[in-house]
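One structure is given here, and the rest of the page talks about it.
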Number of protein chains: 2
Amino acid sequence: MNRIPTEPTEPNLNEESPPETPMRRRVTLSEIAKQSGTHVMAVSVVLNGAKSNTRVSDTTRKRIQEVASTLNYVPNANARGLRRQHTNTIGVLFNWAGSSTIHSLYSVAVLEGIVDGAATAGYHILLYTEAWKNARASAAGFADSRTDGVVLVAPDEASDIVPAFVSLELPIVLVSSASVIPGVPYVTIDNSNVIALAMEHLTALGHTRIAYIGGGTGRHNMRERFEGFQRWMRSRNLPLPPHYLLGDLDPGESDVNTTALSGLLGVAEPPTAVLASNDDLAIQMMQVARSRGVSVPEQLSVVGVDDILAAALTTPKLTTVRQPLFEMGNQAARILTDTIEGRENANAANVIAPTLVVRESTAAPCR
Amino acid sequence: MNRIPTEPTEPNLNEESPPETPMRRRVTLSEIAKQSGTHVMAVSVVLNGAKSNTRVSDTTRKRIQEVASTLNYVPNANARGLRRQHTNTIGVLFNWAGSSTIHSLYSVAVLEGIVDGAATAGYHILLYTEAWKNARASAAGFADSRTDGVVLVAPDEASDIVPAFVSLELPIVLVSSASVIPGVPYVTIDNSNVIALAMEHLTALGHTRIAYIGGGTGRHNMRERFEGFQRWMRSRNLPLPPHYLLGDLDPGESDVNTTALSGLLGVAEPPTAVLASNDDLAIQMMQVARSRGVSVPEQLSVVGVDDILAAALTTPKLTTVRQPLFEMGNQAARILTDTIEGRENANAANVIAPTLVVRESTAAPCR
DNA sequence: CTGTTAGCGCTTTCAC
DNA sequence: GTGAAAGCGCTAACAG
């Protein structure tokens, strides 16, 4: 048994049954040509006539269109793609290592934006499943000429996935990750603004003892937020004790986080407010607080980042800095299709502004 | 300007710039043939050699494989699809009318299952964006020969989308919707079991005054649950007053629901428990109860159906009947790929069993 | 304005 | 074992 490297595990058909062509033979241009008494090329021109405007007489045109619609003609996308060398399809690659729920919530919002943006530009979406399943996705499969470009959502910064795509010479755009490679377009959130919005809110309420809990320092976004927080605190001369700084938690490991977060509430002078680098951690913080009898927001204010769907469903509802994930996906699709079609986009609004959503998890500190 | 019917809005390239082929010309079989001193056909046989086992000598085989890997050869999927008449790709169609958040949460879980199932069978996923965006999706675009079959997730029962697919003679499988057309495979939840699990739990706690709130009677699932509830209550001789039966709410219309649900708590003998046909309504019910000062679960028990991500994040956490959405998507992908490849699947476990997840929103009624 | 022709990259049948 | 050739369905360049 011999397989090409990029081919996924193929089902074993040990029977003498060849994979009997399952698709019905569909109507082709030549059939329409035959039935309408013209020739293939005329039909082709009529049914997508991009440039040659008046190549066909109106009568034949009408006849062809009629036949095409009664026969329910749909162009064969494989043939067209093969010929045109582009497919009006964009690939999407998620970095769903382990497919954690938080990632799902986040990614689906981005995906909806991408779908919307792609649709308005007339593109379809292809999800490469091997890449989806494997944490360390390889770019190779994307060179199969089925997509005109790829959106990389939160690509793994530790891997060489982005350079691999670049060397593929396939147009790409990055979401939620600053461009590491010059010339590679990206869409990201303005992290210094994220921190500023959250912190201005907390200090306006009167908080000074503020702790930070962050989801790992491996990701660009997380680093920027962690650093931004510390810079902000220092510039205001606010206390920055090391045990207030839990910057390297793993959002997936809620058990170990529980003890870490619980410890945060047990120190001599506990914080009156906590800034979490994402909503998932913020929600974990609220649950830990409740289990320890610390009431939110009376005794502890909690602010998250993201505004995932679940943020509005907790009790109390979470105050958070909203990332417009849909818009970010949308923007990414737009940039990508612009690039594909050779349109020069000024790469203008690729740094997206966050907004503060005040709900119920923050209040003035009790003293 | 003339466009074929199924083509989405194409970007206007009013400039004299033809859509300059954006894809780099990739290595082809003939290049490998040239560099390895053999012929195209030999290369083809080596790089996917399904049947012709010993057609090529080991030495040439090795040489070809070396050249292919140094050149980073990736087969052109368009050419292959055109030739083979199948693409190892399945389409997915969601019924995201209006893209409500509840649908997102639900659909993404199913999508993850589909992706997983497709991946293990060696298939990719194509999302048709027009269909995704338009509430009334049309099946026509799916006849473009890019997919070997389609998963329809919760198809709109009022439309003729399913018959349209059937007449396309494209293999399909339905998720979350009983087959209307004989011979069309489907995956669905066992609704009578859903009701039984919820009701046995509530009656075991001692509840007798139980109300039902349901998300519309347009969908098969919702009808089955509503009817199942009434049957259950009657068979136990439990009270079934009409004002306990709010079977036709629209989960998207949380405003009008609020008054309806609020009214439910204001009747002379209010229910001590509420069964909601999905978690979204259950969460709305809890929010209404809280705003009226009715405490859950002390004064009112609430049970949902689905176990969406948000169910574990509410306060109190929602007791619910879990639909294994991932497994359902997975099963659907499996059935579809089996069908595509002509494998007879006994259509065995296509009715999925629900499980009860007891959390905090249910308790014995106070009397 | 119409018709002919040559391929896109890959697979497969058939002759050598 | 290996080579030549045809063709999947569509498009684009050319000649009529």
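Below, chain A is the first sequence line, B the second, and so on; all start at residue 1. Since this is a predicted model, take the numbers as computed values, not measurements.
Per the geometry, CZ belonging to B/R61 stands 13 Å off C1' belonging to D/dT2, to the nearest Å. Regarding A/H39, its NE2 atom lies at a distance of 17 Å from the C1' atom of D/dG9, rounded to whole Å. Atoms NZ (A/K34) and C1' (D/dG9) sit 13 Å apart, rounded to a whole Å. Between the CZ atom of B/R63 and the P atom of D/dG1 there is a distance of 15 Å, given to the nearest Å.
Nucleotides C/dT5 and D/dA6 have their C1' atoms positioned 16 Å apart, rounded to a whole Å.
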Check your understanding: Where do A/I114 and A/V153 land on the side chain to side chain contact (heavy atoms under 4.5 Å, CB included) test, with the steps shown first?
Key -> CA-CA 10 Å; A/I114 295 173; A/V153 182; 4.1 Å; yes

Check your understanding: Between A/T89 and B/L126, is a side chain to side chain contact (heavy atoms under 4.5 Å, CB included) present by the stated rule, with each step listed?
Key -> CA-CA 9 Å; A/T89 304; B/L126 190 60; 4.2 Å; yes

**Study point:** Worked verdict on A/Y73 versus A/V43 for side chain to side chain contact (heavy atoms under 4.5 Å, CB included)
**Key:** CA-CA 11 Å; A/Y73 171 74; A/V43 182; over 6 Å; no

**Study point:** Trace of the side chain to side chain contact (heavy atoms under 4.5 Å, CB included) decision for A/D148 with A/Y123
**Key:** CA-CA 9 Å; A/D148 301 334; A/Y123 283 71; 3.6 Å; yes

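Side-chain nitrogen and oxygen atoms of A/S57 include at least one within less than 4.0 Å of the OP1 or OP2 phosphate oxygen of C/dT2.
The one candidate from B/V45, B/I32, B/L29 that meets the side chain to side chain contact (heavy atoms under 4.5 Å, CB included) condition with B/V40 is B/L29.
Using cut-offs of 30° and 60° on the angle between ring planes, the pair A/Y128 and B/H124 is perpendicular.
A 4.5 Å side-chain heavy-atom check between A/P163 and A/I181 finds at least one atom pair inside the cut-off.
Sequence order on DNA chain D of the closest nucleotides to B/T38 and A/A77 puts B/T38 first from the 5' end.
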Exercise for review: Go ahead and write out DNA chain C as dot-bracket, 5' to 3': ( ) for pairs within the strand, [ ] for ones crossing earlier pairs, | when the partner sits on another strand, dots for unpaired; Watson-Crick or G-U wobble, both distances under 3.5 Å.
Suggested key: |.||.|||||||||||

Practice item. Starting at the 5' end of nucleotides 6-11 of chain C, put B wherever the base has a protein heavy atom under 4.0 Å, S where only the sugar-phosphate does, and a dash everywhere else. Key: BBBBBB

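Under the 3.5 Å distance criterion, with hydrogens and angles disregarded, a donor-acceptor pair is assigned to the side chains of A/N330 and A/R334.
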